[in-house]
Participant: 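This is the structure I have questions about; it appears just below.
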Amino acid sequence: MPTLNYLCPTTSSELKKILKKKKTDSFILAGGTDLLVKIRHNVVKPKEIIDIKKIKKFNEIKLTKTQLNIGCAATLNEIAENKTIKEKFPAIADGSLSIGSTQIRNRGTLVGNLCNSSPVADTVPGLLIYDAKIKILSPTGTKTVSIHDFITGVGKNILKKNEIVESVILPLPKNTKSAFLKNARRKALDLSSVNVAVGLFNKSKKNPDIRIAVGACAPITKRAQKAEKFLKKNGLTDETIKKAAKMLPISPISDLRGSKEFRNKIAHRLFIKLATQLGEV
Amino acid sequence: MNKKFTSVGVKTKRVDAKAKVTGAAQYVDDIQFPGTLYAKVFRSTEPHAEIVSIDLEKAKKLPGVKAVICGKDFPYHTGLYHVDQYMFAMEKVRYVGEPVAAVAATSLEIAEKALKLIKVKYKKLKANYDPIKGMKKDAPLIHPDLHKYFSVPSINPKPHSNIPNHFKIRKGDPAKAFKKAHKIIENRFKVPQIQHVPLETHGAIAKTDLSGKITVWSSCQSPFTVRYLLAHCFKKQLKDFRIIAPFVGGGFGCKAGVNIEPITVALSMKCLGKPVKLILTREEEMYTIVVRQACHIRIKSGVDKNGKIIAQENEYIWDCGAYAGYGVNIVRAAGYSICGAYNIPNIKGDSIGVYTNRPVGSAFRGFGMSEIHWAIEQQMDMIAIEMGIDAVEFRKLNTLKPGSTTATCQVVTKHTGNMIACIEETAKNIGWGKKKKAGKNNYRAVGIALAQKAPAMPNNATSAAVVKLNEFGGAEVLFSGMEIGQGVMTAMGQIAAETLGISMDKVNVVGLPDTDYSPYEWQTVASRITFSCGNAVKNAAQDAIDQVKKIAAKVFECKAKDIVVQDGIIKYGKKTLPLEQVCMGYQYEDGHTIGGAIIGRGHFTAKDCINCDPKTGYSPKPVANWTYGAQAVDVEVNGETGELTIHNVSCTYDIGKVINPQGADGQAYGGIVQGMGAGIMEALVVDEKTGNVMNPSFVDYKVPTIKDMPLSMTSSFIETQQLDGPYGARGVGEHTMIPTPAAIANAVYYATGVRIQELPVTAEKVLKGLEELGKNK
Amino acid sequence: MKTITFTINGEKETRDVSESKTLLNFIREDLHLTGTKEGCGEGECGACTIILNGKAVHSCMMLAVEIDGCDVETVEVMSKDGNLDILQEKFIEHNAVQCGFCTPGMLMSARALLLSNPNPTVDEIKTALEGNICRCTGYKQIIEAVSDAAKGGKYE
Ligand SMILES: Cc1cc2nc3c(=O)[nH]c(=O)nc-3n(C[C@H](O)[C@H](O)[C@H](O)COP(=O)(O)OP(=O)(O)OC[C@H]3O[C@@H](n4cnc5c(N)ncnc54)[C@H](O)[C@@H]3O)c2cc1C
Ligand code: FES
Ligand code: FES
């Protein structure tokens with residue numbers, strides 16, 4: 001690794017000053033579990049690194065009456081073990097728990113997973129079904145955007161060079177249940193061949209408010225709106241679920257983690273399994 | 001043998017464990033010398049090309065760079081059984097990753113920078129990745145000089161072809177027997193290249209001092225072979241080299257011969273007085289270090305009405321990769337073991353190695369047996385099913401028994417091993433024949449497979465040991481079987497303690513060889529160390545104790561043969577003498593002393609092994625011994641995703657005397673899980689457009705984690721004494737991974753009807769099979 | 001270069017370190033604690049596992065400068081006073097060690113587990129060790145060793 005400048009602000013105002021001067025060869029460091037791999041393989045060659053973990057409030061997972069705030073330095077294991085998240089956002093807790101290994105989850109962050117913007121990111125399907133909001137901090141202040149607008153391509157997102165994600169905001173849902181499933185080549189420590197999150201946001205089997213996101217099957221993971229609408233209109237039955245499976249917005253590629261045919265099949269099956277399960281209980 | 005043992009056969013804690021759990025154990029990269037230079041290797045980016053020019057000048061000028069070298073500086077060959085490789089590519093490169101040049105610099109960063117300044121021009125040649133194509137008459141030659149290469153006598157290269165070795169078995173009259181057969185069953189199978197994945201990558205440090213003496217610290221399985229090959233390669237004397245082997249973080253065959261040592265040595269010769277360190281990154285390890293050979297297999301079997309196999313044709317076409325210095329011997333081993341553990345009177349067998357432009361194939365735990373058993377053991381099930389015979393019964397009917405003859409016409413005796421007992425014990429432990437309960441939408445069944453393997457080594461491969469008694473009545477035990485995790489240090493300590501009649505805690509096992517001080521050992525491969533090195537240690541200890549008895553006989557005024565040594569006490573009738581009073585010579589009360597420091601020496605070479613006849617493969621004893629075993633696997637198949645869960649594995653091996661029961665269990669469990677990796681997830685993928693390995697890291701080359709391992713494993717051992725083994729022992733290190741993949745595939749078939757003939761048995765293949773049968777859920 | 005202060009195996013240290021150095025290289029090359037190993041350098045094998053503020057993490061996936069103000073433990077902490085830790089004893093007793101290259105990382109993961117969860121189930125042990133590849137043992141004896149060390153729930 002070439003020489004680097006390491007900055008470690010302890011307050012947001014300090015960070016803002018740093019962001020103001022931030023150049024394109026300066027990188028944000030959260031858990032580093034993506035960034036250090038990229039540096040090792042010369043995918044990125046940072047001249048400067050801004051470590052955001054020492055800013056206290058960035059580490060918080062905070063519950064208010066209406067929403068849950070996940071700070072950008074909260075680790076995946078903290079999220080996976082958080083009672084509220086496990087209860088209210090199981091697809092996010094399980095998505096976080098499915099990432100890497102204990103060591104990876106002790107360092108890696110959900111916000112890092114999001115900002116890395118990989119199509120296989122395991123927390124993204126969960127964030128999509130809960131309509132997460134992304135709070136962005138820049139030298140001039142903060143703004144909030146929808147998760148649906150955040151990722152713009154493989155490894156790309158809307159962040160400008162002097163912006164960071166400060167937190168992810170999850171509106172507290174009522175009457176929901178959700179679940180997440182991942183298919184990989186190995187039973188631990190593997191990237192997804194397919195990952196799926198499904199949530200049911202009301203108790204109606206007839207007009208279910210169902211939300212679906214399938215990852216690792218397209219450059220950008222998106223909500224399966226067509227399938228959602230179809231089910232809302234036609235109800236949740238074995239048959240409608242099977243039909244809805246055909247409407248998933250997926251166009252997988254063939255790679256070392258599976259052929260496109262395999263991924264298509266698995267996406268269908270995982271979706272059917274989750275939707276059926278949620279419909280049952 | 002009903003003698004009661006005190007060390008051998010007793011559950012014994014590993015003697016190296018304390019060093020390993022505390023972090024004290026030193027591996028090569030842990031050795032940090034001041035003034036070390038760091039090496040990096042410039043590697044071919046072409047799978048097959050002529051080297052037009054190499055420009056090292058810019059790299060040489062970079063500040064901090066101490067040496068930049070390439071083939072013309074060291075135009076030397078390396079190779080163990082078949083000398084076909086230059087240490088750096090000379091006229092041609094033959095695979096992506098082949099060393100072309102190397103750099104030593106004051107830091108790793110500078111060395112890496114220097115690599116970028118090296119410019120090599122290539123003229124591309126057509127690459128071939130398919131051994132079947134490579135065998136054809138008009139195939140372009142990857143080694144046009146094959147006819148000029150030196151190979152050892154047991155290897156048969158075919159001049160002006162891509163075939164560095166062709167081993168033939170011609171037993172009986174298969175053509176005639178096939179005509180008489182009730183049924184003929186023919187199938188094809190495939191095995192991909194896989195990586196050994198020792199957790200420690202290859203590493204070496206070389207230092208050429210100002211007097212010219214070259215010391216090498218290397219993560220290697222065979223320090224003496226490294227020394228021998230280095231001396232050959234650099235055209236020097238053995239005394240010019242000293243190889244020191246620290247602990248090795250796993251080998252599994254890939255550290256058997258020489259690898260990166262010559263490059264490190266060459267660099268050190270250009271930087272006199274400085275240690276030069278080369279540690280491979282995981283990525284380099286994955287695509288530039290030797291791999292297990294791929295194999296294309298065809299088996300045709302003829303069976304009679306009773307289910308006895310009366311004729312067989314076995315064809316193994318090995319993808320040796322770009323070089324076959326070691327691989328040719330795997331071709332040979334697969335040849336003399338051609339039909340596995342079965343008694344077949346008429347055999348036509350061909351084991352053929354073929355050069356391709358893939359990574360270099362070499363020794364891998366099982367040495368060809370894992371690969372061929374993938375096919376043999378599925379073929380046996382396929383015949384059994386066709387004949388309507390239970391798979392266990394079919395194997396019992398056809399397997400080798402006393403009086404049977406092997407492929408080379410060696411006669412099996414009751415001392416060779418008891419396969420029937422292995423099969424029965426395994427079947428009992430897994431609950432063969434009992435239905436296993438599967439989860440909703442899932443399928444579940446048990447599969448079985450057998451294994452046999454012999455040490456594949458030259459007939460004159462020898463082991464030596466020295467046992468030095470010390471002032472406290474203990475002993476230093478010196479040998480050069482390498483501790484690569486298999487527990488050799490402990491086993492050698494036990495054998496020495498048993499023979500000396502002292503307790504284990506008095507034995508100082510000096511297990512890390514230094515070729516200047518340690519006794520000779522050919523190689524730590526072939527599951528031969530317990531057997532061969534164990535015999536050497538036993539003989540050395542016996543020699544020491546004979547010397548003790550000789551002195552004691554004078555003291556007791558009796559015959560040496562009437563003396564026993566037990567628990568460190570020398571005994572003659574009621575008279576006793578503590579061992580320590582004799583170890584350095586015995587001093588009488590008046591001061592006069594007889595004898596002196598006792599050093600026992602021992603060696604062992606297997607007797608009466610005969611090379612196979614090149615035309616027929618005939619040999620009454622091609623190998624030192626055989627180890628037999630059976631393994632059964634209980635597999636559940638997810639009907640929705642094709643994913644496999646391995647519930648239970650049970651295995652039984654006939655390893656003669658079990659020296660350390662805990663160690664033997666460890667070899668069994670470790671082998672099963674490594675076999676499982678090969679069985680369900682491992683394959684090195686080469687992009688046939690570029691020759692690049694597509695999965696050169698753990699991101700996409702997956703080995704089993706703790707969550708993948710079988711939910712339960714049991715191992716048992718049959719102890720048919722090996723007549724010439726130390727305390728009756730024979731080897732087991734490799735055998736434990738041989739049957740696993742085929743047993744899994746057989747289980748998947750019984751569970752689902754899906755037959756997977758190409759490794760690995762991935763969820764994707766199983767799911768596809770389920771769909772074809774309409775059985776997916 | 002940056003000056004950092006941290007606790008290593010119970011002792012406070014202040015050092016200058018290059019900003020671009022990984023924690024793994026710092027531990028091995030600067031602190032000369034070579035028990036911690038590199039098996040992959042990218043978070044995939046666990047050989048480099050250390051304990052940072054009580055949690056098992058990969059030292060290859062961190063910059064050394066990140067430990068400023070932190071508490072770091074490496075395998076060497078476990079037998080600092082010359083006595084073996086119960087986990088180390090159980091690893092020996094159950095033959096959970098073969099080549100030994102994964103062992104320091106394995107022990108660190110197991111220690112971090114038992115420090116936070118003194119009575120783990122087998123599944124919890126597997127989750128704690130899922131990031132530690134062992135190519136030799138087949139894991140069975142490792143699980144037995146950790147289970148046995150946890151007996152009584154008094155690990156410290
Ligand atoms: C061995 C291994 C296994 C893995 N397994 C999985 C897996 O199973 N599933 C999966 O989805 N991922 C996996 N990953 C990837 C990675 O662990 C996750 O994406 C993790 O969540 C990243 O978080 P981090 O905090 O470590 O990110 P970092 O590496 O710190 O950052 C990732 C990227 O986002 C940027 N960034 C980080 N935080 C911010 C912020 N607040 N604002 C703006 N930009 C920011 C960084 O500059 C960097 O480009 C694995 C990685 C490894 C090494
Ligand atoms: S070296 Fe850090 S995980 Fe492999
Ligand atoms: S003991 Fe060798 S990798 Fe675990």
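Just so it is clear: chains get the letters A, B, ... in the order the sequence lines come, proteins before strands, and each one is counted from 1. Computed over heavy atoms, backbone and side chain alike; hydrogens, waters and symmetry mates excluded.
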Participant: Taking the side chain as everything from C-beta on, heavy atoms only, tell me whether Thr74(C) gets closer than 4.5 Å to Pro104(C).
Facilitator: no
Participant: Top residue by heavy-atom pair count (under 4.5 Å) with chain B, among Val122(C), Leu33(C), Val77(C), Val75(C)?
Facilitator: Val75(C)
Participant: Tell me, for Thr127(C) versus chain B, whether the close heavy atoms (under 4.5 Å) come from the side chain, the backbone, both or neither.
Facilitator: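 Both parts, backbone and side chain.
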Participant: List in chain and number order the residues that pass ring pair (Phe, Tyr, Trp, His ring centres under 6.0 Å) with His196(B), two or more places apart in sequence or in another chain; answer none if no residue qualifies.
Facilitator: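 Applying ring pair (Phe, Tyr, Trp, His ring centres under 6.0 Å) to His196(B) gives Phe364(B).
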Participant: Select one option (side chain, backbone, both, neither) describing which atoms of Thr281(B) are under 4.5 Å from chain C's heavy atoms.
Facilitator: neither
Participant: Please check this pair: side chain of Glu11(C) against backbone of Ile8(C), looking for a donor-acceptor N/O pair closer than 3.5 Å.
Facilitator: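 Side chain of Glu11(C) to backbone of Ile8(C), a donor-acceptor pair under 3.5 Å: no, none is there.
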Participant: Checking heavy atoms, do the side chain of Asp29(B), its backbone, both or neither come under 4.5 Å from chain C?
Facilitator: both
Participant: Is it the backbone or the side chain of Gln141(C) that comes under 4.5 Å from a heavy atom of chain B, or both, or neither?
Facilitator: side chain
Participant: Return the option, out of Gly138(C), Cys99(C), Gly35(C), with the maximum number of heavy-atom pairs under 4.5 Å with chain B.
Facilitator: Cys99(C)
Participant: Side chain, backbone, both or neither: which part of Lys140(C) has a heavy atom under 4.5 Å from chain B?
Facilitator: both
Participant: Given a strict heavy-atom distance threshold of 4.5 Å, which part of Val21(B) is in contact with chain C: side chain, backbone, both, or neither?
Facilitator: both
Participant: Within the side chain of Asn660(B), is there an N or O that forms a donor-acceptor pair under 3.5 Å with the backbone of Gly487(B)?
Facilitator: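 No.
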Participant: Contact between Lys702(B) and Glu44(C) at the side-chain level, heavy atoms closer than 4.5 Å - yes or no?
Facilitator: yes
Participant: Any chance you could lay out the side-chain contact (heavy atoms from CB on, under 4.5 Å) test for Asp148(C) and His94(C), step after step, and finish with the verdict?
Facilitator: CA-CA 9 Å; Asp148(C) 197 4; His94(C) 289 270; 2.7 Å; yes
Participant: What part of Gln32(B) gets closer than 4.5 Å to chain C, counting heavy atoms only: side chain, backbone, both or neither?
Facilitator: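 Side chain of Gln32(B) only, per the 4.5 Å heavy-atom cut-off to chain C.
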Participant: Using ring centroids (six-membered ring only for Trp), state whether Phe33(B) and Trp217(B) fall under 6.0 Å.
Facilitator: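 When the ring centroids of Trp217(B) and Phe33(B) are compared, they turn out to be within the sub-6.0 Å range.
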Participant: Taking every non-hydrogen pair under 4.5 Å, which of Lys11(B), Lys13(B), Glu200(B) racks up the most with chain C?
Facilitator: Glu200(B)
Participant: Where on Gln26(B) is there a heavy atom nearer than 4.5 Å to chain C: the side chain, the backbone, both, or neither?
Facilitator: neither
Participant: Examine whether an atom of Leu84(C) lies under 4.5 Å from a heavy atom of chain B, and if so say whether it belongs to the side chain, the backbone or both; otherwise answer neither.
Facilitator: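 Side chain of Leu84(C) only, per the 4.5 Å heavy-atom cut-off to chain B.
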Participant: Out of Gln662(B), Met709(B), Arg282(B), which one racks up the most heavy-atom pairs below 4.5 Å with chain C?
Facilitator: Gln662(B)
Participant: Using a cut-off of under 4.5 Å for heavy-atom pairs, which of Glu38(C), Glu93(C), Met78(C) has the most such pairs with chain B?
Facilitator: Glu93(C)
Participant: What part of Ser79(C) gets within 4.5 angstrom of chain B, counting heavy atoms only: side chain, backbone, both, or neither?
Facilitator: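 The side chain, not the backbone.
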Participant: Among Thr22(B), Thr490(B), Val248(B), Val673(B), which has the most heavy-atom pairs under 4.5 Å with chain C?
Facilitator: Thr22(B)
Participant: Quick check on Ile143(C) against chain B: is it the side chain, the backbone, both or neither that has a heavy atom closer than 4.5 Å?
Facilitator: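 When you check distances to chain B, only side chain atoms of Ile143(C) fall under 4.5 Å.
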Participant: Considering only heavy atoms from C-beta outward, does the side chain of Met482(B) approach that of Leu512(B) to under 4.5 Å?
Facilitator: yes
Participant: With respect to chain B, which residue among Glu42(C), Gln88(C), Glu29(C) yields the maximal number of heavy-atom pairs within a distance under 4.5 Å?
Facilitator: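 Max contact count across the listed options: Gln88(C).
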Participant: Do the two ring centres, one from Tyr701(B) and one from Tyr287(B), sit under 6.0 Å apart?
Facilitator: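 No, the ring of Tyr701(B) stays outside the 6.0 Å limit from the ring of Tyr287(B), centre to centre.
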Participant: For Ile484(B), which atoms come within 4.5 Å of any heavy atom of chain C: side chain, backbone, both, or neither?
Facilitator: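 Only the backbone of Ile484(B) comes within 4.5 Å of chain C.
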Participant: Look at the aromatic rings of Phe6(C) and Phe26(C) and report parallel, tilted or perpendicular, splitting at 30° and 60°.
Facilitator: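 Perpendicular, since the angle between the ring planes exceeds 60°.
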Participant: If you count heavy-atom pairs within less than 4.5 Å of chain B, which of Val97(C), Thr36(C), Asn132(C), Thr103(C) leads?
Facilitator: Val97(C)
Participant: For Phe252(B) and Val197(B), run side-chain contact (heavy atoms from CB on, under 4.5 Å): C-alpha distance rounded to whole Å, both residues' side-chain angles, the deciding distance at 0.1 Å, then the answer.
Facilitator: CA-CA 8 Å; Phe252(B) 313 111; Val197(B) 189; over 6 Å; no
Participant: Can you tell me if Asp68(C) uses its side chain to pair, donor with acceptor, with the backbone of Thr5(C) under 3.5 Å?
Facilitator: yes
Participant: Measuring heavy-atom distances to chain B, does Glu89(C) have an atom under 4.5 Å in its side chain, in its backbone, in both, or in neither?
Facilitator: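 Looking at Glu89(C), nothing touches chain B.
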Participant: Do Arg28(C) and Asp30(B) come close enough that some side-chain heavy atom pair is under 4.5 Å?
Facilitator: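 Yes; the side chains approach each other to less than 4.5 Å.
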Participant: Report which part of Pro704(B) has an atom under 4.5 Å of a heavy atom belonging to chain C: side chain, backbone, both, or neither.
Facilitator: both
Participant: Look at the aromatic rings of Tyr27(B) and Phe101(C) and report parallel, tilted or perpendicular, splitting at 30° and 60°.
Facilitator: perpendicular
Participant: What part of Leu107(C) is in contact with chain B, defined as an atom under 4.5 angstrom from a non-hydrogen atom: side chain, backbone, both or neither?
Facilitator: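 Answer is side chain: those atoms of Leu107(C) sit under 4.5 Å from chain B.
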